[in-house]
Amino acid sequence: MLSEKSVGNKIVNQYIQNYINVNLNSDLHALLLKKSPFPDVSMQEIVQQIKGKQTAQKKFPFLLKDGIIFPPQLNLEQSSSEKTALYKSQILKGNKFIDLTSGFGIDAYYLSQNFEEVILVEQNAELLNIVEHNWGILNRKATFINQNLEDFLNINKEYFDVIYLDPARRDQNKNKVFLLEDLSPDILQIKENLLMAADQVVIKLSPLIDLKYLASALPDIFRIEIIAVKNDVKEAVIFLSNENREEIKVNCINLESEESSFLFKFGEEESAQAEYSEPEKFIYIPNNSILKAGVFNLVSERFGLKKLHPNTHIYTSVQKINDFPGRVLEVQTIESKQIKKKEQFNIISKNYPLKPEDIKKKYGIKDGGEHYLIFTQSKKGKIILKSV
Ligand SMILES: C[S@@+](CC[C@H](N)C(=O)[O-])C[C@H]1O[C@@H](n2cnc3c(N)ncnc32)[C@H](O)[C@@H]1O
């Protein structure tokens, strides 16, 4: 049976849930203009649940269960996905786990799986109530603390195996380079308190953050995970500890691909030397988690591949190497006049003055098909490569 009293919310009523399920694919703008068929629940509240279920289908399908309540859209957007949370859960285990920025609790749900005792802190009371209700439905136990985490840390006397934080961005401008000070909470302000209270402090950050800046701002980092899903880089997760003074290890992973992860020590790129060559039979484009890590010379050295140009992060070889974490194509170099109008290609532009859209217009190429055209630069200048 669905419980209505735990969050004092009528939304879990079976009739309302049926109405939500029937309208999962309805036009939400049109729905919002209608009058709610239920006296105690507004159409806004119903649409919030529909948006929640729609988000859950893609981002956290484990929550597609009777009785689960979804928070407003911003909280859904701020949540991690089930896929990245599951990956992080495999790295962490211990006795006591605390998530100081619970949010909708997706990370907490997965990351705490291998711990005996679980504590969730969240400043937003309404949101935490929803999480507590949902964890009841999911049969998961935890202590839920509605408090500002800075206040919690000031009075806390407990010691944890892992403290986890997923700070919210103060500024939602996604294109802006940002600093740790732009986050809520400000990690630099609470760093000492965090490290005093745990063996490990694990913090999820946007992959837009600069890794060198991170390493200098937070010298206690001992590990960084750069997590992509289907080549879309989602998170940079940093691990801090009081005790560890070893060189930072960085692991680049592309989930939902067959590619193996790429692990390196932070200083390795500085000492790595790339070799250069014009394109040979095979070219290699590292996945985006590796490109984010900026280990451009190390990729050349590790895989014995030659680079096309200092600013072109495409590699080449005569013999094909297996298990490269990225795209591998057999190519030939072509002249621009060999490109026929209306031919179909997937366009890749790397270290080239025109974007794929401009290239398509210029040559009258159609998008798609099986083959690739790669517009790039080698040390000799601009080149076009065609996959065979
Ligand atoms: C990005 S969300 C966390 C999402 C979560 N990891 C998940 O997967 O669902 C960050 C949350 O931290 C909370 N928060 C930010 N600053 C806080 C503070 N100083 N004290 C307590 N909570 C805070 C926000 O209210 C927000 O819900």
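Note that the coordinates shown come from a computational prediction; the quantities given were computed from them, not determined experimentally.
- Y110 and Y87 have their aromatic ring centers separated by at least 6.0 angstrom.
- Relative ring orientation between H313 and F296 is described as parallel, the plane-to-plane angle staying below 30° on a 0-90° scale split at 30° and 60°.
- Here the straight-line distance linking atom CD of E132 with atom CG of N134 works out to 10.5 Å at 0.5 Å rounding.
- Ring geometry, F97 versus F115: the interplanar angle falls from 30° to 60°, so the pair is classed tilted.
- Side-chain atoms of D210 come within 3.5 Å of backbone N or O of Y213 as a donor-acceptor pair.
- Between N148 and Q123, the side chains place no donor N or O within less than 3.5 Å of an acceptor N or O (distance only, hydrogens not considered).
- In this structure a side-chain-to-backbone donor-acceptor pair under 3.5 Å is missing from N23 to S26.
- Although no hydrogens or angles enter the test, the distance criterion places no donor-acceptor pair under 3.5 Å between the side chain of T312 and the main chain of L308.
- Within the cation-pi definition used here (under 6.0 Å to the ring centroid, within 45° of the axis), R302 does not qualify as a partner of F264.
- Under a 3.5 Å cut-off, the side chain of T84 and the backbone N or O of S81 do form a donor-acceptor pair.
- For the pair K96 and F160, the cation-pi criterion (under 6.0 Å, within 45° of the ring axis) is fulfilled.
- Taking the charged nitrogens against the carboxylate oxygens, D232 and K234 do have a contact shorter than 4.0 Å, which makes a salt bridge.
- Of the inter-residue distances, the one linking L179 atom CG with D186 atom CG reads 10.0 Å to the nearest 0.5 angstrom.
- Judged purely by atom type and a 3.5 angstrom limit, N124 uses its side chain to pair as donor or acceptor with the backbone of L127.
- Side-chain atoms of K292 come within 3.5 Å of backbone atoms of P207 as a donor-acceptor pair (strictly under, hydrogens ignored).
- Note: I16 CD1 to S36 OG = 7.0 Å, rounded to the nearest 0.5 Å.
- A donor-acceptor contact shorter than 3.5 Å is absent between the side chain of E301 and the backbone of A274.
- In this structure, the separation between CD on Q54 and CG on L76 is 10.5 Å, given to the nearest 0.5 Å.
- In this structure, K265 does not pair ionically with E268, as no charged nitrogen and carboxylate oxygen lie closer than 4.0 Å.
- Following chains of ILVMFWY side-chain contacts shorter than 4.5 Å, one can reach L128 starting from I69, so the two form part of one hydrophobic cluster.
- If you check the side chains of S317 and E280, you find no donor sitting under 3.5 Å from an acceptor.
- Using modelled atom types, one finds no donor on one side chain facing an acceptor on the other under 3.5 Å when comparing S184 with R169.
- Shown here is D323, whose CG atom has no more than 12 heavy atoms of other residues, nucleotides or ligands within 6.0 Å.
- A search for salt bridge (charged side-chain N to carboxylate O under 4.0 Å, His left out) contacts involving D40 returns nothing, not counting sequence neighbours.
- The hydrophobic cluster containing F303 does not contain I314, counting ILVMFWY residues as joined when their side-chain heavy atoms lie under 4.5 angstrom apart, directly or transitively.
- One side chain, K88 or Y164, offers a donor N or O that lies under 3.5 Å from an acceptor on the other.
- Rounding to the nearest 0.5 Å gives a distance of 5.5 Å between CD1 of I238 and CG of L214.
- Rounded to the nearest 0.5 angstrom, E357 CD and D367 CG are separated by 7.0 Å.
- Cation-pi contact between K379 and Y276: present, with separation from the ring centre below 6.0 Å and deviation from the ring axis of at most 45°.
- Between the side chain of T316 and the backbone N or O of I283 there is no donor-acceptor pair closer than 3.5 Å.
- Under the 3.5 Å distance criterion, with hydrogens and angles disregarded, no donor-acceptor pair is assigned to the side chains of N254 and S289.
- No donor-acceptor pair under 3.5 Å is formed between the side chain of Y284 and the backbone N or O of P325.
- Taking the charged nitrogens against the carboxylate oxygens, E256 and K230 do have a contact shorter than 4.0 Å, which makes a salt bridge.
- Atom CD of E77 has more than 12 neighbouring heavy atoms from other residues, nucleotides or ligands inside a 6.0 Å radius.
- Side-chain atoms of T143 never come within 3.5 Å of backbone atoms of I119 as a donor-acceptor pair (strictly under, hydrogens ignored).
- N251 and E225 form a side-chain donor-acceptor contact under 3.5 Å, judged by distance and modelled atom types alone.
- Residues satisfying the ring pair (Phe, Tyr, Trp, His ring centres under 6.0 Å) test with Y109, not counting sequence neighbours, are F62, W135.
- Cluster membership check: F282 does not share its hydrophobic cluster with V331, using side-chain heavy-atom separations under 4.5 Å among Ile, Leu, Val, Met, Phe, Trp and Tyr.
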